[in-house]
Amino acid sequence: MQFAISADHPCLPGHFPGRPLVPGVVLLERVIEAVQAAHGPLGALRLPQVKFLQPLLPEQVAEVELETLGATRWRFRVRHSGEVLASGEIVAESFSASSPATDAHA
């Protein structure tokens, strides 16, 4: 999945004034969108490992690459011009109706 963050995106003015960089959380939003586009809606997520290696600038085109590691686990890379900007793993968690988090709200 390819994407670009427009120069007028609301996250950019404060990140960083005079030299805007796309925040890592915005890259992770695109990773989640790519996983959901390929595998459907996800519930709770965990990101056990994430590395940000290079910045993405506004208007630059980046691509999310996914590798399936299991039914609910994926390795991802975000690339721009062949360079890895971010990498890591994403895991979809499943909670049963009897989980402690559910019981606490009963």
May I ask whether V25 and L53 are part of the same hydrophobic cluster, defined by side-chain heavy atoms of I, L, V, M, F, W, Y residues being less than 4.5 angstrom apart, directly or through others? no
Any [X] side-chain heavy atom under 4.5 Å of [Y] side chain:
| X | Y | answer |
| --- | --- | --- |
| L45 | V91 | no |
| M1 | E33 | yes |
| T68 | H39 | yes |
| R30 | I5 | yes |
| F3 | V78 | yes |
| R73 | P48 | yes |

Cluster membership besides F16, Ile/Leu/Val/Met/Phe/Trp/Tyr side chains within less than 4.5 angstrom, sorted by chain and number, is L21, L57
Who clusters with L69? Use side-chain heavy atoms, under 4.5 angstrom, across I, L, V, M, F, W and Y, and order the result by chain and number.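 Other cluster members: none.
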Test log, rule side-chain contact (heavy atoms from CB on, under 4.5 Å), inputs E65 and R79: CA-CA 8 Å; E65 299 174 351; R79 292 184 184 268; 2.9 Å; yes
Of L28, V35, I32, the residue whose pairing with F76 passes side chain to side chain contact (heavy atoms under 4.5 Å, CB included):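 It is L28; the other options fail the test.
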If I take atom CZ from residue R46 and atom OG1 from residue T72, how far apart are they, to the nearest 0.5 angstrom?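 One gets 9.0 Å once the value is rounded to the nearest 0.5 Å.
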List in chain and number order the residues that pass side chain to side chain donor-acceptor pair (under 3.5 Å) with E67, two or more places apart in sequence or in another chain; answer none if no residue qualifies. R75
Between P20 and P58, what is the shortest heavy-atom contact and its length?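 It is O-CD, 3.4 Å.
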